[in-house]
J.: 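Mind having a look at this structure? Questions to follow.
Naming: A, B, ... by sequence-line order, numbering from 1 per chain.
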There are 2 protein chains.
Amino acid sequence: MLSNACKYAIRSILYLSIYSDKTNKIGVKKIAEELETPQPFLAKLLQQLTKNKLVSSTKGPNGGFYLSDENRENSIWDIVENIDGVKKFNQCFLGLSKCEDANPCPVHYIAAPFKNKILSDFRDKSIARFTSEIIDTNKVLSLKDYDALKLD
Amino acid sequence: MLSNACKYAIRSILYLSIYSDKTNKIGVKKIAEELETPQPFLAKLLQQLTKNKLVSSTKGPNGGFYLSDENRENSIWDIVENIDGVKKFNQCFLGLSKCEDANPCPVHYIAAPFKNKILSDFRDKSIARFTSEIIDTNKVLSLKDYDALKLD
DNA sequence: CAAAAAAAAGATATTTTTATCTTGAATTAT
DNA sequence: ATAATTCAAGATAAAAATATCTTTTTTTTG
């Protein structure tokens, strides 16, 4: 459904949303370690996300990546669009080119409600809101993170 | 969630379940045309499925692929296991290595019920039963197929 | 039996995804 | 200013998924 790249991107942004701000930037190395993702690959992703205004960055000592208030107004869906494109997400679970209510594949009525739920979760909430719900309901972004939150 | 290969395989077997039997075998060419899948790729897949007893075949004139009664006792899940393996299917929607109720990713409680529903649909029904439900509820396996069913 | 048909097998090719490496540019702290 | 730090950019590499091609084997029909 989502590529690795997209999963990394989503988790990175949520991570930055929780742990960074203008005065507390985080380097790729740290992010990659915390989320247990391949570092150079993540660097490329963050580069792309920065170019597309989903993430902010500054160079130099104490530089790194962070989410600005504007960045936090975006949605998870914006990330998906940016990395995978919407096409991939909308594809039929069994690969039919035009699976819909009128000519549903054998699992259409199971898959469609799920997709709609995910979609509204991804599209209708800002990163800011999404993040506060993560914190409120004790969700995790990585196993390392999980332990960290537990110890808080 | 499922690879193209796996989607092709599932649709092929359902197609064979509907349209073939011991006395009415269908060649790759026909199947690939009907399902709108790449022919040589599908040939390889059917070869593998045949070797693993999920599909039956005979060579020579009037030969081709078909589903035996034994083949129909398998489940869709058997196909998934055979082509993609279970790992892929069970992976966390956001890529966490151990996403579960105890340490859920941000969309775990949306994704998990969906996966369970699909899983029980795939695992707890025989191909035979799955197929009869497809016919009863007018599901489709391809757009060509859709038209064919409409005209029946 | 010969020829044709169709799958089986194995080799190869292409594309996409994932990942890494190297060099350059910007920023900041000293 | 300068050195250290960190991201940016571009090139390259490796792996996986997708797709094709060629040859062989089996079967059937004429």
J.: Is any side-chain heavy atom of A:F93 closer than 4.5 Å to a side-chain heavy atom of A:I110?
T.: no
J.: Kindly write out the residues that satisfy ring pair (Phe, Tyr, Trp, His ring centres under 6.0 Å) with A:F41, not counting sequence neighbours, or none if the list is empty.
T.: A:Y8
J.: To the nearest angstrom, how far is B:L42 atom CG from C:dA8 atom P?
T.: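 Spelled out: CG on B:L42 to P on C:dA8 is 12 Å.
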J.: I need the NZ-C1' distance between B:K53 and C:dA8, as an integer number of Å.
T.: 14 Å
J.: Just by distance, no angles: are the side chains of A:H108 and A:D101 close enough, under 3.5 Å, to form a donor-acceptor pair?
T.: yes
J.: Need one value for A:I26: base, sugar-phosphate or nothing, where a base atom within 4.0 Å counts as base even if backbone is also close, heavy atoms only.
T.: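 Sugar-phosphate contact only.
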J.: I'd like to know if A:K44 reaches the base of C:dA19 with its side chain, counting only an N/O donor and acceptor under 3.5 Å.
T.: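 When only heavy-atom distances are counted, A:K44 does not reach the base of C:dA19 through any donor-acceptor pair under 3.5 Å.
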J.: Please give, in whole Å, the distance from D:dT6 P to A:E33 CD?
T.: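 From A:E33 CD to D:dT6 P: 12 Å.
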J.: Side chain of A:V28 only, heavy atoms from C-beta on: which candidate in D:dC7, D:dA19, C:dT27 is closest?
T.: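 My answer, after comparing the listed nucleotides, is D:dC7.
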J.: Of the listed nucleotides (D:dT6, D:dA19, C:dA8), which one gets closest to any side-chain atom of A:K59?
T.: D:dT6
J.: Answer with base, sugar-phosphate or nothing: what part of the nucleic acid does A:A5 contact at a heavy-atom distance below 4.0 Å?
T.: sugar-phosphate
J.: Could you check B:K25 against B:K88 and say which one's nearest nucleotide on DNA chain D is further toward the 5' end?
T.: B:K88
J.: Would you mind classifying the nucleic acid contact of A:I83 as base, sugar-phosphate or nothing, using non-hydrogen atoms under 4.0 angstrom?
T.: nothing
J.: When you measure from the side chain of B:Q47, which nucleotide among C:dT27, D:dA8, C:dA8 comes out closest?
T.: C:dA8
J.: Start at the 5' end of DNA chain C and walk down; is the nucleotide closest to A:L2 or to B:L46 reached first?
T.: B:L46
J.: Quick check for you: among D:dA8, C:dA8, D:dA19, whose closest atom lies nearest to any side-chain atom of B:F41?
T.: D:dA19
J.: Please report the distance, rounded to the nearest Å, between CD in B:Q91 and P in C:dT17.
T.: 16 Å
J.: Return the value, rounded to whole Å, for the distance between atom CZ of A:F65 and atom C1' of C:dT27.
T.: 14 Å
J.: Please report, rounded to the nearest Å, how far the P atom of D:dT22 is from the CD atom of B:Q39.
T.: 14 Å
J.: How close do B:D84 and B:L2 get, counting heavy atoms only, and between which atoms?
T.: OD2-CA, 3.5 Å
J.: So, does A:Y8 get its side chain near the phosphate of C:dA19, meaning an N or O under 4.0 Å from OP1 or OP2?
T.: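 Yes.
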J.: Distance-only, no hydrogens or angles: does the A:R72 side chain make a donor-acceptor pair with backbone N or O of A:S17 under 3.5 Å?
T.: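 Flag set: sc A:R72 to bb A:S17 pair under 3.5 Å.
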J.: Please report the distance, rounded to the nearest Å, between CG in A:L16 and P in D:dC7.
T.: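 From A:L16 CG to D:dC7 P: 11 Å.
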J.: Measure from CG on A:L45 to C1' on C:dT18 and round the result to the nearest Å.
T.: 10 Å
J.: Determine the minimum heavy-atom distance between A:K7 and B:Q91, stating which atoms define it.
T.: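 Closest approach of A:K7 to B:Q91, heavy atoms only: NZ-OE1, 4.4 Å.
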J.: For A:S3 and for A:T58, locate the closest nucleotide of DNA chain C by heavy-atom distance; then report the residue assigned to the nucleotide nearer the 5' terminus.
T.: A:S3
J.: OP1, OP2 of C:dT28 versus side-chain N and O of A:N62: anything below 4.0 Å?
T.: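 For A:N62, the contact criterion (side-chain N or O under 4.0 Å from OP1 or OP2 of C:dT28) is not met.
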J.: Of all the nucleotides listed (C:dT18, C:dA5, D:dA4), which has the minimum atom distance to the side chain of A:P61?
T.: D:dA4
J.: Base, sugar-phosphate, or nothing for B:P38, non-hydrogen atoms under 4.0 angstrom?
T.: sugar-phosphate
J.: Answer yes or no: does a side-chain N or O of B:S57 lie under 4.0 Å from OP1 or OP2 of C:dA8?
T.: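 Checking C:dA8 against B:S57, a side-chain N or O does come within under 4.0 Å of OP1 or OP2.
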